[in-house]
Engineer: 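The structure that follows is given in the form of structure tokens.
Keep in mind the model is a prediction, meaning the values are calculated, not measured. Along the sequence shown, the residues carry numbers beginning at 1.
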Amino acid sequence: MARDYERKTAHAEAMIDVAMIRLMAARLAGEDVEPHGPIETEAARRLAEDLTENQ
């Protein structure tokens, strides 16, 4: 189990947003990146979910 050390939900959401920005920037640059850690994994899941909803 992964622990979330953020005290406020807004902080945890902000960390996911930052990870999502990194993943999207890498995709725009043409890089194939794998998410590292639970935060980037969650960001990648949300990004994939958003992409499938908008198609």
Engineer: Would you give me the side-chain donor-acceptor pairs under 3.5 Å for residues 17-31, sequence neighbours excluded?
Structural biologist:
| from | atom 1 | to | atom 2 | distance (Å) |
| --- | --- | --- | --- | --- |
| R22 | NE | E40 | OE2 | 2.6 |
| R22 | NH2 | E40 | OE1 | 2.9 |
| R22 | NH2 | E40 | OE2 | 3.4 |

Engineer: Kindly check if the number of other-residue, nucleotide or ligand heavy atoms within 6.0 Å of CD (E34) is above 12?
Structural biologist: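 Count not over threshold, so no.
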Engineer: Thinking salt bridges, do R45 and E42 make one under a 4.0 Å N-O criterion?
Structural biologist: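 Looking at E42 together with R45, the answer is yes, because their closest N to O distance falls below 4.0 Å.
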